[in-house]
Amino acid sequence: MRNVSVEILLLLGYNKNYFVYSISNMEIKKVKDLVVNEVEARRNQLGELSLKIHSNPELGFQEVKAAGWLTRYLEENGFYVERGICQLPTAFKASYGNGRPVIAILAEYDALPDLGHACGHNIIATCAVGAGVASKLAVDQFGGSILVIGTPAEELYGGKIIMADRGAFDDLDVAMIVHPGTSDIATTQMLACQGLHIEFFGKAAHAAASPEEGINALEAMLQSFTAINSLRQHIRSTARIHGIITDGGEAANVVPVHSAGSFIVRAMDNAYLDELKEKVLNCFIGAATASGARLQYKWDEVCYAPMRNNLALAQLFAQNMQSLGRSVSLSDPEHAFGSTDMGNISQLVPSIHPFVAIAEKEVQVHSPEFASAAASDRGIKGMLDAAKALAMTVVDMVANSETLSNIKEEFEQAK
Ligand SMILES: [Zn+2]
Ligand SMILES: [Zn+2]
């Protein structure tokens with residue numbers, strides 16, 4: 001039930017059966033102030049929660065403590081919480097309100113091996129929770145539902161892709177997530193991406209006494225790298241191919257019988273990714289033929305989709321961030337590329353994945369310096385501002401159905 005008082009209705013038109021009305025900008029502004037104050041009032045709680053997750057880093061699908069703390073906070077603040085959704089023990093869905101629109105704010109809370117929270121997912125998580133709790137005020141005032149969806153294992157396993165396959169995002173109108181970074185940007189260029197695991201099997205022999213008897217699995221791997229390096233000259237500038245050798249033999253005096261490597265292929269769209277995957281695979285097939293080693297390969301089951309930014313939604317978020325005194329650009333002038341499982345969600349439902357600055361430009365994401373930034377005062381300020389802007393963006397959408405229609409129309413046209 002929409003709780004709209006008579007004095008805030010502006011009569012725009014009339015036909016036989018119903019009145020068409022909209023809510024005044026003044027009323028929207030009033031509720032935006034309320035949600036901003038709500039986040040601000042929780043500064044200490046959210047800051048502590050963020051630092052607690054930061055100092056207890058957990059790898060993908062093992063985020064038991066983080067999921068426990070986040071769901072408890074949501075439950076204590078009036079959300080109905082379902083834990084272990086999609087048969088993933090550390091995934092969750094917290095809901096508040098009724099009916100449409102259904103607006104989801106997504107949380108990530110996994111850390112990186114050795115580096116801890118060097119991607120700052122503690123900030124994503126507490127930002128989502130803070131925005132969700134503040135958005136209750138918007139939903140109370142104007143109707144609709146707010147969800148905070150806990151999405152584990154972004155870094156290593158593409159948890160959202162698994163959750164999407166299991167229907168977690170089927171009934172949403174909008175999905176939003178904010179990631180910490182080194183500048184305030186409302187959209188992001190995230191590439192389609194798939195991992196490839198390679199093994200070559202050769203034949204062992206004494207490397208000096210009888211090298212002619214051996215088949216060198218390491219050489220097959222090295223030839224593959226050379227072929228990929230040659231290929232790289234002739235691919236689109238937005239595509240990426242990179243990899244590592246995980247097994248290069250046992251001893252220098254033995255012809256390597258086995259080699260293994262992991263590779264990632266990335267492209268701006270799925271069609272070019274498919275084209276590039278075939279070319280990359282041919283590099284390995286060619287090396288197998290040349291060396292005589294047997295090739296075995298496996299593509300990752302999850303394939304990251306490119307990010308489809310909803311510009312109407314991104315603009316709202318940018319305006320709301322600007323109202324907090326931050327300078328936000330709509331797109332990244334430096335065209336930094338990565339991939340995220342949020343890309344797959346953005347193919348299903350209108351989405352944004354903005355970045356909020358928590359460190360200087362020189363600091364690299366996935367570095368110890370970025371991990372420190374994720375626990376800094378600037379990190380907490382960024383988290384709070386992003387939570388405020390997300391909650392204000394929720395106000396924009398639940399207060400004005402036309403706003404949401406524009407967002408959805410853009411999404412449908414981009415299909
Ligand atoms: Zn990361
Ligand atoms: Zn990340």
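Whatever order the structure lists them in is the order used to number ligands and atoms, beginning at 1. Since the model is a prediction, treat every value here as computed from it, not as a measurement.
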| task | Output, in order, the C-alpha distance, side-chain angles, deciding distance and verdict of side chain to side chain donor-acceptor pair (under 3.5 Å) for Asn77 and Lys136. | result | CA-CA 9 Å; Asn77 284 283; Lys136 282 169 57 187; 5.3 Å; no
| field | Ring centroid separation Tyr73 to Phe79 under 6.0 Å | value | no
| query | Below 4.0 angstrom, N of the basic side chain to O of the carboxylate: do Glu360 and Arg378 qualify? | reply | yes
| query | Hey, are Glu76 and Arg72 close enough for a salt bridge, meaning a charged N less than 4.0 Å from a carboxylate O? | reply | no
| How many protein N, O or S atoms are found at a distance of less than 2.8 Å from the Zn ion (ligand 2)? | 3
| Does a side-chain N-to-carboxylate-O contact under 4.0 Å join Asp385 and Lys381? | yes
| said: Centroid separation under 6.0 Å, is that true for the rings of Phe355 and His179? | reply: yes
